[in-house]
There are 2 protein chains.
Amino acid sequence: MARRNTNRRVGIADVAEKAGVSHATVSRVMNGNAAVDPGIAARVRAAAAELKYQPNPVGRSLALGKTDTIGIVVPDLANPTFQAILRGLSIAAAQDGYRVLIADSSEVTSEEAILAGEARRRCDGVVLCAPRMGDAELEELAPTLHPLVLINRTTIATNTPSLSVDYGQGIQELAQHLVSLGHRRLVFLSGPEHSASNRQRLVGLDQFRKEHPEIELQMLPGGSNFDSGHECTDAIIASGGTGILAFNDLVAMGLLSGLHERGIRVPEDISVTGFDDIPFAKYTTPPLTTAAVPINELGSLAWRRMREQIQQTGDAPAQAQDEFSPRMEIRKSTAAPALKPA
Amino acid sequence: MARRNTNRRVGIADVAEKAGVSHATVSRVMNGNAAVDPGIAARVRAAAAELKYQPNPVGRSLALGKTDTIGIVVPDLANPTFQAILRGLSIAAAQDGYRVLIADSSEVTSEEAILAGEARRRCDGVVLCAPRMGDAELEELAPTLHPLVLINRTTIATNTPSLSVDYGQGIQELAQHLVSLGHRRLVFLSGPEHSASNRQRLVGLDQFRKEHPEIELQMLPGGSNFDSGHECTDAIIASGGTGILAFNDLVAMGLLSGLHERGIRVPEDISVTGFDDIPFAKYTTPPLTTAAVPINELGSLAWRRMREQIQQTGDAPAQAQDEFSPRMEIRKSTAAPALKPA
DNA sequence: ATGAAAGCGCTAACAC
DNA sequence: GTGTTAGCGCTTTCAT
């Protein structure tokens with residue numbers, strides 16, 4: 001035997017004994033599965049209530065082969081974007097009686113696969129959020145994780161549902177916005193090297209360059225958080241650019257703060273754009289022009305895609321590839337550039 | 001029987017068969033428990049590797065009576081403070097091989113007990129974060145949840161460990177700071193009614209009033225997020241106060257934004273303080289003076305307290321009541337008031 | 001050192 | 001309609 005019977009929690013057997021029926025009958029009334037004599041059912045319910053019996057989910061999980069839990073692995077729980085996704089996912093899943101187990105890889109790429117695998121074993125499915133791992137590894141991992149939902153990343157081989165944002169288009173629209181305001185010298189403050197979404201922005205900007213050969217567009221290495229934006233302040237000033245495309249809102253906010261410290265006015269002297277439209281973006285001074293990603297929808301849609309797979313009775317997969325287009329949010333951090341003395 | 005044997009994942013039985021040993025032996029080598037013949041052990045490990053066998057955690061949990069998972073229930077996952085606690089908890093727990101299951105009560109007080117109970121059944125313990133429920137209910141619930149860690153809330157009867165922040169002291173220091181700058185008309189923008197931490201601030205301010213009868217201190221109803229701060233802008237202006245104590249940083253930021261829109265300068269015309277020192281606080285314009293709560297420590301300490309209970313071999317409880325004192329973070333949103341024309 | 005078997009708490013097939 | 005029993009995948013006692 002496994003454990004001694006000392007101070008066990010109340011189990012189905014206790015209820016059965018008190019109601020004078022078998023385990024099976026108790027199980028039946030608790031789950032409302034088969035038809036049970038109303039009188040007996042009442043007796044069982046009374047016993048259960050009196051003993052404050054609550055079925056043990058671990059036992060149920062083992063018997064049913066499902067845990068009613070899904071896992072999510074994110075690169076960094078400190079990032080507002082991932083927090084919002086987690087929140088949307090958690091709330092949507094809860095509505096269907098599912099819970100979520102979290103795993104933070106802390107941007108350690110090599111941990112992602114392990115965490116995802118562990119999560120999958122404990123859960124009925126996994127959502128992988130902006131995984132940093134290489135394509136080959138992802139391709140190999142994906143089938144072992146099914147049901148799987150991918151966010152901000154796609155797989156070609158396996159047809160797992162994915163949600164993505166058209167960062168390339170968004171950054172182009174932002175650049176276009178600056179140009180139409182009159183800016184001719186743009187700077188892109190880029191994000192983490194291994195970020196797929198950064199690569200998409202880069203591709204979008206290449207496209208932009210082709211369409212606007214007359215515009216100067218510099219690239220500056222950056223990061224993904226406040227501090228990287230703040231640290232780039234001097235490089236930005238030195239660049240001579242008047243329209244700055246920050247990798248995301250966090251970076252833009254760091255930059256805003258740095259420029260403010262140097263006495264450079266936004267948007268009078270320099271225009272700054274962000275990306276994501278995190279909740280704080282409209283409260284910066286000045287409020288940030290950005291490309292809004294429907295971050296709350298992402299989480300809830302991720303759940304819907306997961307649910308579709310979990311409930312799938314076995315027929316055709318028909319995995320969806322959802323792509324969101326960011327929505328321009330023009331606020332006060334962008335304006336026409338000052339007329340240059342030169 | 002429960003499920004049909006169709007497409008089952010690889011289990012301990014498969015490894016046992018392949019290695020030509022019993023389940024028990026496989027279990028032994030997987031857990032390194034009893035001494036196993038090195039040759040057999042190697043064979044088992046080879047078989048396990050070849051089959052990519054990973055023990056099923058649900059089966060283990062049932063046998064072991066533990067899940068290596070803890071639950072956390074928070075009132076609102078959108079709140080940066082709770083996000084930070086969740087993050088700290090998750091990272092600390094992960095270091096010890098534990099995962100965390102989240103439950104968001106969405107500020108629905110009546111859901112808290114249910115969510116906590118469900119979480120507890122699936123996990124080895126629960127941390128209850130700033131529960132909104134009444135004292136009586138908490139008192140009754142606490143024993144059924146053990147092991148339990150309370151954050152921002154204490155229980156008298158049961159001796160469950162709790163982590164709290166001395167909000168009363170923090171708000172007094174903030175008020176003191178404003179007074180020493182020369183402010184004589186203060187306003188407190190209060191938080192949610194059922195928030196225990198709001199009550200603590202109120203108590204602290206009562207104390208402050210006694211010590212400073214010469215200072216005018218008004219109370220204005222507010223909330224806990226950006227929008228409530230923003231909405232209070234006109235009321236603040238109308239109040240005639242020059243030193244504003246916002247319930248927290250979020251509220252302060254909303255207010256900052258509202259004041260900026262009305263052309264009121266901070267800190268020249270009005271000084272504003274926040275509370276918590278969320279990551280964004282030092283990037284507002286102007287950077288926010290606030291009382292810093294060691295929010296990352298809270299999460300990791302919560303885990304330590306939980307671990308102490310889980311590992312407790314049965315001896316004396318000795319439950320800790322940890323109280324943190326906020327640290328003043330004087331930045332640029334507070335200054336001496338302008339000399340009044342009157 | 002190893003295998004057989006019991007048991008963790010539950011659900012469901014089967015027999016009555 | 002209800003009880004009996006097998007089985008979910010694992011750990012651990014007990015006997016060898």
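The sequence lines fix the lettering, A, B, ..., with proteins before strands; numbering per chain opens at 1.
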> Is Arg132(B) salt-bridged to Glu112(B), going by a charged N under 4.0 Å from an acidic O?
Replying inline: no

> Would you say a side-chain N or O of Ser22(B) is under 4.0 Å from OP1 or OP2 of dT2(C)?
Replying inline: no

> Between dC10(D), dG3(C), dC10(C), which nucleotide gets closest to the side-chain atoms of Tyr53(B)?
Replying inline: dC10(D)

> What integer distance in Å separates Gln54(A):CD from dG9(C):P?
Replying inline: 15 Å

> Nearest nucleotide by nearest heavy atom, which residue falls closer to the 5' end of DNA chain C, Val36(B) or Ile12(A)?
Replying inline: Val36(B)

> Contact class for Val58(A) (heavy atom, under 4.0 Å): base, sugar-phosphate, or nothing?
Replying inline: nothing

> Within this structure, what is the CG-to-C1' distance between Leu64(B) and dT12(D), rounded to whole angstrom?
Replying inline: 10 Å

>> Nearest to the Ala63(B) side chain among dG1(D), dT11(D), dC10(C), which nucleotide is it?
In response: dT11(D)

>> Which nucleotide wins on minimum distance to the side chain of Leu62(A), given the candidates dC8(D), dT2(C), dT11(D)?
In response: dC8(D)

> OP1 or OP2 of dA12(C) less than 4.0 angstrom from a side-chain nitrogen or oxygen of Asn33(A), does that happen here?
Replying inline: yes

> Can you tell me how far C1' of dG9(D) sits from CG of Leu51(B), to the nearest Å?
Replying inline: 15 Å

> Considering only side-chain heavy atoms of Ala24(B), which listed nucleotide, dC10(C), dT12(D), dG9(D), is closest?
Replying inline: dT12(D)

Ignoring hydrogens and angles, write down the donor-acceptor pairs under 3.5 Å from the side chains of residues 29-40 of chain B, residues two or more places apart or on other chains.
{"unit_1": "Asn31(B)", "atom_1": "OD1", "unit_2": "Arg60(B)", "atom_2": "NH2", "d": "2.7"}
{"unit_1": "Asn31(B)", "atom_1": "ND2", "unit_2": "Ser27(B)", "atom_2": "O", "d": "2.8"}
{"unit_1": "Asn31(B)", "atom_1": "ND2", "unit_2": "Ser27(B)", "atom_2": "OG", "d": "3.4"}
{"unit_1": "Asp37(B)", "atom_1": "OD1", "unit_2": "Gly39(B)", "atom_2": "N", "d": "2.8"}
{"unit_1": "Asp37(B)", "atom_1": "OD1", "unit_2": "Ile40(B)", "atom_2": "N", "d": "3.2"}

>> For dT11(C) and Asn31(A) - does any side-chain N or O of the residue sit under 4.0 Å from the phosphate oxygens OP1/OP2?
In response: yes

> Have Ser162(A) and Ser164(A) got a donor and an acceptor in their side chains that come within less than 3.5 Å?
Replying inline: no

> Closer to the 5' end of DNA chain D via nearest nucleotide, is it His23(A) or Ile40(A)?
Replying inline: Ile40(A)

> CE of Met30(A) versus C1' of dT2(D): gap in Å, rounded?
Replying inline: 18 Å

> Of the candidate nucleotides dT2(C), dC8(C), dG9(C), which contains the atom at the shortest distance from the side chain of Asn56(A)?
Replying inline: dG9(C)

> Are the charged groups of Asp14(B) and Arg9(B) less than 4.0 angstrom apart, N to O?
Replying inline: no

> What nucleotide among dT11(D), dT2(D), dG3(C) has an atom nearest to a side-chain atom of Arg28(A)?
Replying inline: dT2(D)

>> Does Thr25(B) reach a base, just sugar-phosphate, or nothing at all? Heavy atoms under 4.0 Å.
In response: sugar-phosphate

>> Given dG9(C), dT2(C), dT11(D), identify the nucleotide with an atom nearest to the side chain of Ser27(B).
In response: dT11(D)

> What integer distance in Å separates Arg121(B):CZ from dC8(C):C1'?
Replying inline: 18 Å

>> Distance check needed: dG9(D) P versus Glu17(B) CD, whole Å only.
In response: 14 Å

> For Arg305(A), what residues pass the side chain to side chain donor-acceptor pair (under 3.5 Å) criterion, not counting sequence neighbours?
Replying inline: Glu308(A), Asp322(A)

